[in-house]
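Below, chains carry the letters A, B, ... as their sequence lines are ordered, and counting in each starts from 1.
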Protein chains: 2
Amino acid sequence: MIFIDVRDRRPIYEQLVERFSDLMIRDVLKTDSPMPSVRTLAAELSITPNTVQRAYAELERQGYIYSIKGKGSFVADTKPLLKKSRSRIMSELSELSGRAYRSGISEEEFVNAAGSCYRAHTAAEGGTRND
Amino acid sequence: MIFIDVRDRRPIYEQLVERFSDLMIRDVLKTDSPMPSVRTLAAELSITPNTVQRAYAELERQGYIYSIKGKGSFVADTKPLLKKSRSRIMSELSELSGRAYRSGISEEEFVNAAGSCYRAHTAAEGGTRND
DNA sequence: TAGCTGTATCAATCATGTTAATACAGTTGG
DNA sequence: CCAACTGTATTAACATGATTGATACAGCTA
């Protein structure tokens, strides 16, 4: 369900925040469904509960989950966060387009590639891939 | 010419590698033109020559420059590196377009955003910015 | 030869992520 | 009520990596 990429330069807690928030935005994790407990997830990933806690704290701070002491952490209603998610994607697109520009890729080429890349995903619609 | 972004999470030497390689890919720095000397650039940026040296070593390892002891470092022929740079960008664009699709961003929206993001970078290029 | 170049090495420092241990507080089911 | 689970907080220790600073060596050139 959740994994850690050791080659990812970012800290573990940041990876967890991204993984979970993606699953929520994509509605793989539904509103009000329970998150794995801090200690359980820590055991599964072979990391310390402290690191998971840090990720959960950040997820809560950003509004992706809500936590109740003694009960657990639960997926929040992420619809209001869709806008934020989109802006995250857009900012990454901005960063990428900058690199494309700097690599001598023309605007047409970049835009065309964006379109065909997108369509490639819609074509692979079946949904074979789930984490 | 070259600046350091303190808000950038990446280490200074990596920023330098990116800045310089960008300039070379875009042919702002021409093949065989001299790089600033290790100590000169270090003084300009108020960092240690050690950090600059690390960036130069990486640039040389990646084929962007060649260094001659006693003479200096010089811009290499970066044409052979273009293909590698572009393919890496395209694969990241593919990954990003998948996330956009799953986040409910339409193809038109994604493609339009790609175009405007790209143009934003070409606009910012005008040359008001010099360090 | 003086003064520039790249290159190498070493120790010290600093920031940050991560671990580990422990404790406290709230909920729940037996 | 209590054992066992939940989230939360705190503290110290450790590891890694970036950066600094100092010093030294080697090659080029005016």
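- For the side-chain hydrogen bond (donor to acceptor under 3.5 Å, both in side chains) test, residues two or more places apart in sequence or in another chain that qualify with E18(B) are R10(B).
- Contacts classified as side chain to side chain donor-acceptor pair (under 3.5 Å) and involving residues 107-116 of chain A (residues at least two apart or in different chains) are given here: E107(A)-R119(B), E109(A)-R86(B).
- The backbone N or O of F3(A) sits less than 3.5 Å from a side-chain atom of R19(A), completing a donor-acceptor pair.
- In this structure, the side chain of Y118(A) engages the main chain of I105(B) through a donor-acceptor pair within 3.5 Å.
- The line from OG of S103(A) to CD1 of I89(B) is 3.5 Å long, rounded to the nearest 0.5 Å.
- Remark: K30(B) engages D27(B) in a side-chain hydrogen bond (donor to acceptor under 3.5 Å, both in side chains) (not counting sequence neighbours).
- The main-chain N or O of L29(B) is never found under 3.5 Å from a side-chain atom of S33(B) such that the two would form a donor-acceptor pair.
- Proximity of a side-chain donor or acceptor of Q53(B) to a complementary backbone N or O of V38(B) within less than 3.5 Å is not detected.
- Contact check of residues 7-25 of chain B against DNA chain D (heavy atom, cut-off under 4.0 Å) returns P11(B), I12(B), Y13(B).
- Taking the side-chain hydrogen bond (donor to acceptor under 3.5 Å, both in side chains) definition, one finds that T51(A) meets it with T48(A), sequence neighbours left out.
- You'll find the ring centres of F20(A) and Y64(A) outside the 6.0 Å limit.
- For DNA chain C, the outermost nucleotides in 5' to 3' order that have an atom under 4.0 Å from a heavy atom of chain B are dT5(C) to dC10(C).
- Note on the helix from dT1(C)-dA30(D) to dG30(C)-dC1(D): angle between the axes of the first and last five pairs equals 10°, rounded to 10 degrees.
- When the side-chain hydrogen bond (donor to acceptor under 3.5 Å, both in side chains) test is applied to E44(A), no partner is found at least two apart in sequence or on another chain.
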Report each atom pair, protein N/O against N/O of nucleotides 27-30 of chain D, whose distance is under 3.5 angstrom.
from    : atom 1 : to     : atom 2 : distance (Å)
dG27(D) : N2     : G70(B) : O      : 3.4

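- Listed in residue order, the members of residues 35-50 of chain A having a heavy atom less than 4.0 Å from DNA chain C are R39(A), I47(A), T48(A), N50(A).
- For the pair F74(A)/T31(A), no side-chain contact is recorded, criterion being any heavy-atom separation below 4.5 Å from C-beta on.
- The backbone N or O of S94(B) lies less than 3.5 Å from a partner atom in the side chain of H121(A), making a donor-acceptor pair.
- Listed in residue order, the members of residues 54-62 of chain A having a heavy atom less than 4.0 Å from DNA chain D are E60(A).
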(message) E14(A) vs R9(A), test: salt bridge (charged side-chain N to carboxylate O under 4.0 Å, His left out). Steps then yes/no.
(response) CA-CA 10 Å; E14(A) 271 200 29; R9(A) 290 171 51 105; over 6 Å; no
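- Hydrophobic side-chain contacts under 4.5 Å tie V6(B) to no other Ile, Leu, Val, Met, Phe, Trp or Tyr residue.
- In this model, a donor atom of one side chain and an acceptor atom of the other lie less than 3.5 Å apart for Y66(A) and D32(A).
- Not a single donor-acceptor pair under 3.5 Å links the side chain of S85(A) to the backbone N or O of L81(A).
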